[in-house]
Each structure stands twice: as C-alpha cells, then as structure tokens.
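Scroll down for the structure; my scribbles are underneath it.
FYI, side chains are in, hydrogens and waters are out, and symmetry mates aren't considered; it's all heavy atoms of this structure. These numbers were taken from a predicted model, which means no experiment stands behind them.
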Amino acid sequence: MPWEPSNNVERDRMDKLQFLLDHNIDPYPKRVERTHSVQQAIDLFEVAEADSSDEEPQTETVTVAGRIVRQNLKGKVYFAHIADETGRVQLFVRINSVGEETFEIIKDAFDMGDFVQASGPMMRTRAGEISVNVQEIKMLAKSLSPLPVIKERVLEDGTSERYGEFSDVEERYRQRYADLAVNPDVREVFRTRARTIRAIQNFLDSEGFLEVETPILQPIYGGAAARPFTTHHNQLKQDLFLRISFELYLKRLLVGGFDGVYEIGRDFRNEGVSFKHNPEFTMLEYYWAYRDYNDMMDLTERLVADVAQRVMGSTTVAFNGNVVNLNPPWRRITMRDLIKQELEIDYMEYPTADSLAAVMKDERLPVKPDTPWGKLVEELLGAVENRLIQPTFVMDYPVDISPFAKRTDSDPTHVERFEFYISGMEMGNAFTELNNPLQQEERFLEMGRLYSEEDDDAAPIDEDYLRAMRYGMPPCGGVGIGVDRLVMLFTDRTSIREVLLFPHLRVKDE
RNA sequence: GGCCCUGUAGCUCAACGGCAGAGCAGUUGACUCUUAAUCAAUUGGUUGGGGGUUCGAAUCCCUCCAGGGUCACCA
C-alpha cells in the first residue's frame, strides 16, 4: 500500500508538493549549489564587519543550505531560520529581492522541516541578527510529515529556553531520526559517543596495541557466561552463533605473536533487557602479553581517566547526582574484604554452597536453590554493587565462576580477576589470563560438571582454542569494558538506550 | 516472567461517570526588519486494540498490545 496522508498537516503538505510540481519546481532536486556552511557564512560576515567601518559591511554572495527550523511570514517579508550541522542562520527574504512569483511560492509551499538553499550577501537586520539577505531561494527537499515543533528563545545570558518538546521516550527511540532532528542535546550524546571510541583507540594505539577485528559469526561461542543468539548459514548448512565476547579469538592472536591487541565491536547476548542491558552492545577488549592483572588495573585506570580528559575535558564527571572522580589511583579491594565490610559476611567461613546459602537466607538475601558456591558469592557482590559509586577495582573471584583466570598464590579457590565499578555499575572485567592449556582444559571440564546444560555458565568447549594454547601463549592480562556504560557515565544518561542510536524495542503493530 | 505506573489532535498536556478541550503546529485573512512575532477567524479525535458494566465510558471492570519503573534474570 502506498503511503497516504494521515492527518491535516500531511494532506496540506501533499497539496503543497503538487503546487510545486504545477509550477515546474522539482521538490527533490539532485544538485545543491551550497558555497558555505551556516557557520562559515556567519564567520564571513563577522570578519567583514570587523574589517569595515561601514555601517552595512558588504560580503560576497553566499549560498547556504539547511532545514527550516523557524519561519515567520510578515506581510511581504519572510523570515526563516535554517539549520545545518554547524548551526543556524536567519534568512531575510523580501518580496522586492526575490520577486513576487518566488515570494508566492514561499508563502504557499514552504514549511517547517523543509530543506532549502538560499543565496545572497550576508547582512545584519535592524534587530541585530546576522542574516542572509536572500536574492534567490530554492526547495531542496520537501518535508511531508511534520516534525515536532520546538520554539526557542535566546535569553540574555546566552542560554536558550525551549518551548514545546518531543519527549515521549518510546517515540524518541522508535523515530530516532526525529529525536535527533529536534533535540540537539541528543545529537551531542552521539558526538560524545564517537569521541569516546576515538579516544579509546588513540590511547591504546599510543600504548602500542594493535586494533583487530575477529569473527562475529562463530561456530562455537564462548568467553562469557551468556546465552547466545543462533543463526544458520544456508549454503554451508552450518549453525552459527553471534559472539558473546571476543576473548577466545583475541587470545589466539597473542599465540600468533601480537603482544597487545584490542577490539571494539558488538557483542550479542540473548538475555533480559534493562536500563543497562541491550541485546547487542559495544564491547572493548584488550589483551597484553607479559602483563598480569595488576598491570591491567594500572592501564585501565589510566585509560578511563585519559579518555575522560580527552572527551569531557575533565577527569571528574557528574553522574546521576554524584560527582565521580576518575583520577588514578582507584580504590582496590578484594571481593572478600568488600563483602566483609559491606555485609559483614566472610564468605570464606562458609566454604560450601549449603552453608553459604543458609547464612545468606539469614541476612534476607535472595537465594535460588541449587546455586553453586561461586555464584552465591557473586550474588553477594551483586547486593553491594550499587554502593560502589567512586571507581573501585574488586579483586580476586572464586575460581568456579572464572574459567579463564589464573589462581591466586594465596588461595587456590580464588583467581586473579577484577571487575571495576563506577557509579554503581559494573564497567569492566579482567583476568590474569590462564595460559596453561592442560589446566584450561580441566577448567572447561570442571565448568561442565558444575553447571547443567541449560545454565548460561555451561559453555561448549572450544577445542581449537585449546590447540592454539598448546602452541604456547605468553602470560598476559586481558580486560573487557562495556563501552555503552562508559558513554552513559560521560553523558550522564541513566539508561543504555539513551546512548544507543537505535535501541532494541519490541515490534509494534501499526 | 512478577508487581506498579503510563498510553487522549502532528507535538506537549487537560478533562477522571454526563456535550473531548487548551497551547504550539496547520489552514484563511492583515502586516516590507521579525525572532516563543502579533492580531482575527478556523480545520483537526475510532481517547492504543478488543470485550463488558451502565440510560450514558477517555473515565469503572476484563483482556490484548506497546512503553517506563522495580524485582527476578544477566560476568
């Protein structure tokens, strides 16, 4: 079914489209004659004004292009603001300048949201606003559906007050293009996101890491405890998984002789959706040969502080009402001490799942039946994570939830692993990577014994990864960081959907 | 998945058992330096879908859909 107008405004705009066609005007021409961005045009005038003692400084003719974001027809003068990505500028259109015929077309067929180009010298209106003194104006793209109307008033202190808004969260996400078109602060979030990723790359590049790309479609998934999405290659008649982590591929590259590698890309986890979980999300993982998790803590706190400095111009950020100080060094505390401190439970005193579950029940913590000991400890951490506002490395995890990490010297039930938390959110996870192929195989088998088939922790054994490790993998540390959550922190957004251009939403029947 | 909240004009919202409204946008008219322009007139609705209660439902009940919050799940 071809589209049809569904309301008055759209019907009127279809009439206007026809009006343009009737006057032999292409409402969607191929070529644009733009000579200046909006900002360049304004700069041009300001330079001319500074250089000239004349009250009405002259500039060359400029041609600017953009979307009409305000219009105001006043008899035989038409004012409009057009916006491109560099800013907005006023068009000053007099009937005397463009002729009656063109003026009629403006009056009858130009709307908010249309893209137009306008040519003329720059000028300042009597009210003082820098404007294009329009001699020629042309439709570039007719807008048929109305964008939300947001009016803006510039206050004396230079800030602007906005009237009207497009704030319905669902519609903003479903129609992100409209959200971006009318909400400049949303555009800014995604500029910050882009700068964050670039800053991460710059930092790791300067530390000597190599950026790589590894398969998203994988015959065997692994590297994390999560349910995968499955798909199928028709011609190969092969089931494939969308990756849940990069871990096992990146470590193969250390076997191959790269000493530092990183990847920024998409992970897919077939699990619940929440304010901090999207089915696909952007992960950063980096692996460093000849280093352990202490080195990775040093590197990670430097990375986050450096990226914050480059992106936000500061290493302190305001998030959700708290001021977070990202300056190294960050607090480092073992998981055992943290839980002792916060919950007054020393889980080492309860070395079996049954005894630990019993004491957790006493403390009114939720416990599911038949939960392995390591997962119980993890749930203890979950109960306190929202208290970790300032950056905190939580160190040394139970071995049975950490199949890729080396055991600590002091305690064979624990491994050299850390997660780091900022503003109550887990931001990353890291290990001193296990590089003993025989132990790695044993850990895989152990996980298979501990967890049933349905459990997310029951990952299939990746034989090829074990083969790679048997060739010899250098001692190394590895870190994974949730990039979306980092962007949330930098932009003070409390929902991951605010930092994803097109967050996953259920399909809606129209 | 459980519980709570929300869904009314293009946008933002009101009406909460008794004629479905406002501002902005739109349309018509006036205005050759406006800027949240102003002034006058005016169009626009299956109140998310379906069912029920009632003389009468946007409003109360049931159900479905979508979203948000929270809990559970989730390295």
Side-chain angles (χ1 to χ4, degrees), chain A residues 5-13 15-16 69-81 88 90-97 103 108 111-113 123-129 131 133 144-155 160-175 178 182 223-227 244-245 247 267 269-277 279 281 283 366 368 374-375 378-379 381-382 385 394 397-398 401-405 417-419 426-431 455-457 459 480 482 494-495 497 503 505-510:
Chain A
S6 62
N7 59 56
N8 273 355
V9 180
E10 289 179 345
R11 270 187 288 278
D12 288 337
R13 292 196 177 188
D15 292 344
K16 291 170 177 181
V69 293
R70 179 181 80 85
Q71 58 171 1
N72 172 17
L73 181 67
K74 193 178 180 304
K76 291 171 180 166
V77 193
Y78 171 77
F79 296 93
H81 278 170
R88 50 198 280 170
Q90 179 166 262
L91 307 183
F92 175 69
V93 188
R94 287 188 306 163
I95 192 167
N96 293 357
S97 302
F103 202 80
D108 290 345
D111 284 301
M112 295 275 284
M123 62 170 288
R124 199 182 273 280
T125 60
R126 272 178 220 160
E129 179 160 356
S131 308
N133 187 1
L144 296 180
S145 295
L147 284 168
V149 176
I150 287 151
K151 295 191 174 184
E152 214 165 331
R153 181 172 63 160
V154 179
L155 302 172
S160 61
E161 192 174 357
R162 286 158 65 80
Y163 301 85
E165 53 185 339
F166 179 48
S167 55
D168 183 281
V169 171
E170 183 178 351
E171 288 310 314
R172 283 183 47 234
Y173 296 159
R174 287 193 193 280
Q175 303 192 49
V182 303
R227 218 166 309 163
I244 59 172
S245 86
E247 169 131 8
D267 269 345
R269 296 186 182 177
N270 205 339
E271 282 161 0
V273 174
S274 81
F275 72 95
K276 52 182 175 178
H277 297 89
F281 62 98
M283 191 74 165
K368 283 200 313 181
K375 293 220 83 165
E378 200 169 31
E379 281 174 26
L381 177 62
E385 70 173 41
V394 180
Y397 283 60
I401 53 171
S402 314
F404 301 111
R417 168 180 176 183
F418 69 82
E419 292 182 329
E426 184 205 332
M427 307 290 287
N429 181 29
F431 320 120
D455 204 303
D456 293 344
D457 292 73
T494 51
S495 167
R497 297 187 186 101
L505 295 177
R506 230 181 272 254
V507 173
K508 192 176 178 180
D509 293 331
E510 296 287 354

N-O pairing of Arg227(A) and Glu271(A) below 4.0 Å: no
Just compare rA25(B), rC33(B), rU27(B) and give me whichever is closest to any side-chain atom of Val77(A). rC33(B)
In whole Å, what separates the C1' atom of rU59(B) from that of rG52(B)? 15 Å
Euclidean distance for P, rC64(B) against rC24(B) (whole angstrom): 41 Å
Tell me whether the side-chain N/O atoms of Lys76(A) come closer than 4.0 Å to OP1 or OP2 in rC33(B). no
Specify the separation, in whole Å, of atom CD of Gln90(A) and atom P of rU34(B). 10 Å
With Tyr78(A) via ring pair (Phe, Tyr, Trp, His ring centres under 6.0 Å) - residues at least two apart: none
Could you check whether the side chain of Glu129(A) and the base of rU35(B) have a donor-acceptor pair of N or O atoms closer than 3.5 Å, going by distance alone? yes
Close N or O pairs between protein and nucleotides 5-8 of chain B (under 3.5 Å):
none

Could you run down the sub-3.5 Å N/O contacts of the protein with nucleotides 36-38 of chain B?
residue: rA36(B); atom: N7; partner: Tyr163(A); partner atom: OH; Å: 3.3
residue: rA37(B); atom: OP1; partner: Lys151(A); partner atom: NZ; Å: 3.0
residue: rA37(B); atom: N7; partner: Asn72(A); partner atom: OD1; Å: 2.6

Heavy atoms from C-beta onward define the side chain here; which of rU35(B), rA75(B), rC24(B) lies closest to that of Glu426(A)? rA75(B)
Taking the C1' atom of each, how far is rU43(B) from rC5(B), in whole Å? 35 Å
Check every strand shown and say whether Phe92(A) touches a base, only sugar-phosphate, or nothing at a heavy-atom separation below 4.0 Å. base
Does Arg417(A) reach a base, just sugar-phosphate, or nothing at all? Heavy atoms under 4.0 Å. base
Mind listing the N/O atom pairs, protein and nucleotides 44-46 of chain B, below 3.5 Å?
residue: rG44(B); atom: O4'; partner: Asn8(A); partner atom: ND2; Å: 2.8

Would you kindly check whether a donor in the side chain of Ser167(A) faces an acceptor in the base of rU12(B), or vice versa, at under 3.5 angstrom? no
Lys276(A)/Glu385(A) salt bridge by N-O under 4.0 Å criterion: yes
Which part of the nucleic acid, if any, lies within contact of Ser145(A), taking any heavy atom under 4.0 Å across all strands shown: a base, the sugar-phosphate backbone alone, or nothing? nothing
Which atoms of nucleotides 67-70 of chain B (N or O only) lie under 3.5 Å from a protein N or O atom, and what are those distances?
residue: rG67(B); atom: OP1; partner: Arg506(A); partner atom: N; Å: 2.7
residue: rG67(B); atom: OP2; partner: Arg506(A); partner atom: NE; Å: 3.2
residue: rG67(B); atom: O4'; partner: Glu170(A); partner atom: OE1; Å: 2.8
residue: rG68(B); atom: OP1; partner: Arg497(A); partner atom: NE; Å: 3.3
residue: rG68(B); atom: OP1; partner: Arg497(A); partner atom: NH1; Å: 2.8

Distance between the C1' atoms of rU46(B) and rU8(B), in whole angstroms? 12 Å
Under a 3.5 Å cutoff on both atom distances, Watson-Crick or G-U, what's the dot-bracket for RNA chain B ([ ] crossing, | other strand)? (((((((..((((....[..)))).(((((.......))))).....(((((..]....))))))))))))....
